[in-house]
Trainee: 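Here you go, one structure.
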Amino acid sequence: MRIKKTMMLAAVVAAVAAEAAQVIKLSDGWEFRRAGGVWERVTVPHDWAIAGPFDKEIDKQVVAIVENGEKKAGEKTGRTGSLPFIGEGEYRRTVTIPSGTGYASLVFDGVMSEPEVFCDGVKVGEWKSGYNAFEVELPTKAGEHQILVKAKNRAESSRWYPGAGIIRPVKLVLGNAVGVKTWGSAIWSPDLKTVKVKTECRGEVGRIAHRILLGDREVTASETGTLTGDFEPWSPENPRLYTLVTEVYAKDGTLADRKEERFGVRTLRYGDGKFLLNGTARKFKGVCLHHDLGPLGAAFDKDAFRRQMTLLKEMGCDSLRTSHNMPGEEQLEVCDELGIMVMAESFDSWQLAKVKNGYNLFFDDWWKKDVRNLVEKCRNHPSVVMWSIGNEVYEQNTDAGAALSRALQEECHKYDPDPNRKVTQGLSWMPNAIKNGLNAVMEIPAVTYRLPFYEAMYRDTKTGIVLGAETASTVSSRGEYFFPVVPTNCPLHANLQCTSYDVEWTPWSNLPDDDWATQDDHPWTIGEFVWTGFDYLGEPYPYDTAWPSRSAYFGILDLAGIPKDRYWLYRSRWNETSHTLHLVPHWTFPGREGQVTPVYCYTDFDEAELFVNGKSQGRIRKNPKSRLDRYRLRWNDVVYQPGELKVVAYDRNGAAALTKTVRTAGAPAKVTLEKRRFGKLLFVTAKIVDANGTLCPDAADNLSVSCGRGLRFKAICNGDATSLESFVEPHMKAFHGQLVAIFEGEGDEVTISR
Ligand code: GAL
């Protein structure tokens with residue numbers, strides 16, 4: 001009896017599934033060529049430039065970067081990563097439309113850039129922004145159709161590495177003449193017991209039914225567009241997801257479409273000096289990220305992104321700003337699943353150009369279309385908690401800036417039925433943004449750096465909150481320590497690296513400690529988005545005129561995804577569930593014997609004692625009155641002797657709670673491998689260590705990589721912003737004793753040797 005019931009259920013499901021629109025991801029079957037070149041088989045997403053080679057002349061920009069305070073033009077090398085993204089490229093493949101198809105389209109999640117789409121030689125669509133999703137309708141005639149996608153990248157069109165080509169997934173939609181439009185549904189929760197749904201359809205619809213499932217269990221159902229129930233709220237701590245099933249019936253009563261969408265139930269409130277998620281006040285512990293995935297380039301990979309988000313979550317991070325562009329669909333899926341609150345951004349510039357051939361070329365004709373697709377595509381993701389209409393736009397300095405801000409803000413609300421999801425933009429030209437009315441217009445007033453202006457912004461707002469849309473811009477290179485240790489704004493070092501003592505910042509910014517002091521001293525701040533979570537390709541400030549620097553130094557983690565010391569500083573404040581105890585620097589400095597070598601400790605404990613070879617260097621406490629001792633413990637006069645550096649942290653009762661020891665390394669003896677798998681990708685961190693397993697922090701040996709059957713080598717990266725070695729050759733020099741190799745496939749048989 002039981003078997004019979006299951007079989008019957010399976011038959012019903014199969015019949016229903018046949019009515020649903022099919023959404024097919026088109027990853028394989030593509031061919032690619034640079035203009036005039038030879039076709040080669042590729043998988044999509046694809047970034048035609050990441051394989052290099054690096055070249056100083058690529059997109060060399062002779063410009064003054066006004067927002068960095070520059071008055072005179074200078075030769076900027078590496079600004080966009082020095083990889084060959086400029087020019088044209090083409091992709092082709094066939095798609096098959098089955099007979100009886102009533103609706104067919106291609107949904108592109110992002111093509112870098114200015115894509116044009118042709119079907120059987122006829123142009124069927126185009127877009128401008130390389131970051132936004134767009135849909136093109138295809139003919140429904142049954143049979144094979146030839147698809148051609150052209151992309152083109154101009155010189156001086158970006159302030160960072162944009163990547164090149166079909167950088168995000170492409171989907172083929174096959175449906176009936178009657179059905180839910182792509183991005184046609186809107187799901188939101190006015191309170192934690194109510195889910196509202198609006199469904200926009202194509203064709204003549206009879207009725208629409210909704211059901212909400214938790215796994216396989218039906219929670220509630222309705223045909224009114226309002227569903228009630230006892231829902232578990234979505235939050236970073238408990239990212240509970242439900243499924244909305246929408247069934248669309250044609251006028252004759254037949255089922256025409258069935259769509260399943262994941263969503264979460266959560267409420268947002270901004271105002272009265274607070275941000276509330278599900279009724280509880282919290283401050284954003286967020287990072288800004290560009291879209292590139294380091295050595296994998298701009299070709300989006302869900303597993304690589306999941307690794308990035310996992311590493312950030314383990315640090316205690318709970319939010320992400322997709323600076324300065326529209327997020328990819330799969331990015332948001334990962335954020336929904338892991339519990340990362342997202343500021344979904346749209347533009348880095350409006351009408352006024354930051355770079356000659358930037359979005360300014362298209363803004364007037366395209367901004368409404370871009371805002372619409374951004375909002376319609378992203379609105380059902382519980383992770384998206386605010387929209388951003390811009391980053392440090394030059395219009396802050398003009399009379400027109402406030403009106404344009406208002407128009408963009410209203411445009412977001414036009415397509416988002418959740419009135420509580422608010423709009424922000426990163427303001428920077430203080431006090432002009434206040435004088436010209438932009439700050440007062442914004443529902444979430446937000447500033448980039450510029451801590452001295454927080455109070456003035458707060459006084460100027462109606463909502464009584466201020467967000468750090470971008471904070472810190474502290475620069476560091478993993479494993480680099482310069483002496484003496486002098487907190488300064490961007491000194492230049494001969495080897496084009498920045499200190500890992502985390503005391504160097506850009507002239508327009510500050511240190512993490514300054515942001516935290518501002519947040520702690522002003523209850524009406526609602527948190528921050530640090531610039532940046534990971535290093536990224538391009539923007540190698542302060543070495544943007546000093547070839548061969550070609551990637552950023554801002555990251556909390558390096559380009560390979562290896563934590564810098566700063567990771568532990570943020571972790572000590574942000575991770576509220578486990579303790580942090582980390583020592584800076586390493587303790588292997590041949591030649592520094594007898595010299596002052598400061599020691600910093602990043603910890604959530606307030607008090608600790610440091611020992612060098614068993615001799616106490618003093619027991620100290622954090623000092624709320626001192627800029628650099630409020631959140632760190634520092635012993636500034638330690639004299640270096642090789643051996644053992646040990647710290648003992650004390651809890652509130654004065655009891656020894658945790659100990660950490662760092663040892664001087666001997667000669668390099670072997671390579672150890674740390675493997676971590678994310679879906680189909682295996683990430684292997686190789687470390688050159690001495691006979692006792694201590695990291696050799698200056699080892700720079702060339703490491704060769706190979707793997708067993710079932711795995712395919714994909715990319716390699718050492719986190720050195722000045723390295724011109726290829727990301728796609730299976731060998732590279734270690735940087736400060738480490739590098740990361742990435743493999744795709746099954747198994748974990750990997751060899752990395754000196
Ligand atoms: C900000 C800008 C970011 C990045 C950062 C570097 O002003 O919004 O895109 O350039 O500076 O510190």
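Start at 1 and go down the list; that is how both ligands and their atoms are numbered. Computed from a predicted model, the values in this text were never measured in an experiment.
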Trainee: Carefully, step by step, assess Trp127 and Phe134 under the rule ring-ring contact (aromatic ring centres under 6.0 Å, His included).
Mentor: CA-CA 7 Å; Trp127 209 259; Phe134 62 99; 5.7 Å; yes
Trainee: Compute the minimum heavy-atom distance from Trp508 to ligand 1 and say whether it is under 4.0 Å.
Mentor: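 Trp508: in contact with ligand 1 (<4.0 Å).
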Trainee: Which protein heavy atom lies closest to atom 2 (C) of ligand 1, and at what distance to 0.1 Å?
Mentor: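 Going by distance alone, atom 2 (C) of ligand 1 is nearest to Glu470 OE2, 3.1 Å.
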Trainee: Show the numbers, then the answer: is there a salt bridge (Lys or Arg N to Asp or Glu O under 4.0 Å) between Lys128 and Asp365?
Mentor: CA-CA 10 Å; Lys128 296 296 175 193; Asp365 295 333; over 6 Å; no
Trainee: Starting from the C-alpha separation in whole Å, work towards a yes-or-no answer on salt bridge (Lys or Arg N to Asp or Glu O under 4.0 Å) for Glu345 and Arg321.
Mentor: CA-CA 7 Å; Glu345 192 149 72; Arg321 174 186 183 203; 2.7 Å; yes
Trainee: Taking the side chain from Thr525 and the backbone from Gly527, do they hold a donor-acceptor pair closer than 3.5 Å?
Mentor: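 Looks like no, no N/O pair under 3.5 Å.
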Trainee: For Glu67, which part has a heavy atom under 4.0 Å from ligand 1: side chain, backbone, both, or neither?
Mentor: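 Glu67 to ligand 1: no contact under 4.0 Å from either part.
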Trainee: Of all the heavy atoms in Thr448, does at least one lie under 4.0 Å from an atom in ligand 1?
Mentor: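 Not so, Thr448 does not reach ligand 1.
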Trainee: Show the atoms of ligand 1 that are less than 4.0 angstrom away from any heavy atom in Ser473.
Mentor: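 Reading through ligand 1 atom by atom, the close ones are 6 (C), 12 (O).
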Trainee: Backbone or side chain, does any N or O of Trp531 fall under 3.5 Å from an N or O of ligand 1?
Mentor: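 Between Trp531 and ligand 1 (N or O atoms, distance only) the closest approach is not under 3.5 Å.
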Trainee: Do Glu539 and ligand 1 have an N or O pair less than 3.5 Å apart?
Mentor: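 Yes; the residue has a nitrogen or oxygen that sits under 3.5 Å from a nitrogen or oxygen of the ligand.
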Trainee: Please list, in number order, the atoms of ligand 1 under 4.0 Å from a heavy atom of His324.
Mentor: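 Those qualifying, in numeric order: 3 (C), 8 (O), 9 (O).
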Trainee: Is there a donor-acceptor pair closer than 3.5 Å between any side-chain N or O of Asp558 and the backbone N or O of Ala560?
Mentor: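 Present.
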Trainee: Side chain or backbone of Asp348 under 4.0 Å from ligand 1, or both, or neither, by non-hydrogen atoms?
Mentor: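 Answer for Asp348: neither.
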Trainee: Tell me whether Glu392 has any N or O atom under 3.5 angstrom from an N or O of ligand 1.
Mentor: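 Checking ligand 1 against Glu392, an N or O pair does fall under 3.5 Å apart.
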Trainee: Out of curiosity, Cys412 SG to Arg421 CZ, how far, rounded to the nearest 0.5 Å?
Mentor: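 Atom-to-atom, Cys412:SG and Arg421:CZ are 10.0 Å apart.
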Trainee: At a 4.0 Å cut-off, with the gap strictly under it, does some heavy atom of Tyr541 reach an atom of ligand 1?
Mentor: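 Contact check Tyr541 vs ligand 1: negative.
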Trainee: Going by an N to O cut-off under 4.0 Å, is there a salt bridge joining Arg571 and Glu314?
Mentor: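 A salt bridge is absent here (no side-chain N lies under 4.0 Å from a carboxylate O).
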Trainee: Between Asp348 and Arg159, does any side-chain N to carboxylate O distance fall below 4.0 Å?
Mentor: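 Arg159 and Asp348: salt-bridged.
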Trainee: Is it the case that ligand 1 has an N or O less than 3.5 angstrom from some N or O of Arg159?
Mentor: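 The answer is yes, given that Arg159 and ligand 1 share an N or O pair closer than 3.5 Å.
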